[in-house]
Undergrad: 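Structure provided below as structure tokens; questions to follow.
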Amino acid sequence: MNGWQGIIRLMLEGIVADPDQRLSELPLLTEAERHQLLVEWNDTEVEYPRTKCIHELFEEQVERTPDAIAVVFEGSSLTTGSSTAGQTSWRII
């Protein structure tokens, strides 16, 4: 089962296992889904050069991917190579 049926089944199993637990404590994910979310998808550690500032790293990224989307706001987007995105980066950083 997947989707809502799977969630409802997990919640019902949680109720059967411990009828006194709070609704907010009922499981919504299987152990495999929980592991995927908290461990696998959260494995985002990246080694950055300690000798460079954030704006230098941003500038290098602009050189590598000038057409990549840097900012999206209210349906508008800016690429990393646009002068507006560069000016915005200084405000953000």
Side-chain angles (χ1 to χ4, degrees):
M1 274 188 220
N2 56 11
W4 284 107
Q5 291 175 338
I7 293 171
I8 291 171
R9 179 178 177 179
L10 278 172
M11 292 177 73
L12 291 173
E13 288 173 355
I15 291 169
V16 170
D18 184 1
D20 295 326
Q21 70 180 318
R22 299 173 62 94
L23 183 62
S24 62
E25 296 170 346
L26 291 173
L28 299 175
L29 302 171
T30 65
E31 284 302 316
E33 291 169 331
R34 184 174 170 79
H35 182 269
Q36 183 181 40
L37 179 66
L38 297 177
V39 178
E40 295 172 26
W41 289 353
N42 202 27
D43 185 16
T44 58
E45 184 176 338
V46 176
E47 192 63 38
Y48 290 101
R50 305 239 183 240
T51 58
K52 295 187 179 179
C53 296
I54 187 83
H55 72 279
E56 293 170 315
L57 295 172
F58 188 89
E59 289 167 358
E60 289 176 4
Q61 184 66 24
V62 168
E63 290 174 13
R64 282 193 302 273
T65 58
D67 296 326
I69 294 176
V71 178
V72 176
F73 180 71
E74 293 184 349
S76 297
S77 63
L78 299 173
T79 62
T80 56
S82 71
S83 61
T84 309
Q87 294 166 357
T88 305
S89 71
W90 280 99
R91 292 186 195 129
I92 294 170
I93 298 171

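We count residues from 1, following the sequence as given. Just so you know, these numbers come straight off a predicted model, no measurement behind them.
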Undergrad: Counting neighbours of CD1 on I15 that are heavy atoms of other residues, nucleotides or ligands and sit closer than 6.0 Å, is the number greater than 12?
TA: yes
Undergrad: What distance do L28 atom CG and L37 atom CG have between them, rounded to the nearest 0.5 Å?
TA: 11.5 Å
Undergrad: Could you measure the distance from the CD atom of Q36 to the CG atom of L29? Nearest 0.5 Å is fine.
TA: 9.5 Å
Undergrad: State the NZ-CG distance between K52 and L57, to the nearest 0.5 angstrom.
TA: 6.5 Å
Undergrad: For a 4.5 angstrom cut-off between non-hydrogen side-chain atoms, does M11 reach L23?
TA: yes
Undergrad: For residues P27 and G14, report the shortest heavy-atom separation together with the two atoms involved.
TA: CD-CA, 4.1 Å
Undergrad: Could you measure the distance from the CG atom of L10 to the CD atom of E31? Nearest 0.5 Å is fine.
TA: 9.5 Å
Undergrad: Can you tell me how far apart CG (L38) and CD (E40) are? Round to the nearest 0.5 Å.
TA: 10.5 Å
Undergrad: Testing the basics here: between T51 and E56, what is the closest heavy-atom pair and its distance to 0.1 Å?
TA: O-OE1, 4.3 Å
Undergrad: With rounding to the nearest 0.5 angstrom, report the CD1 to CD distance, I7 to E33.
TA: 8.0 Å
Undergrad: Count the heavy atoms of every other residue, nucleotide or ligand shown that sit under 6.0 Å from CZ of R64, and state whether that count exceeds 12.
TA: yes
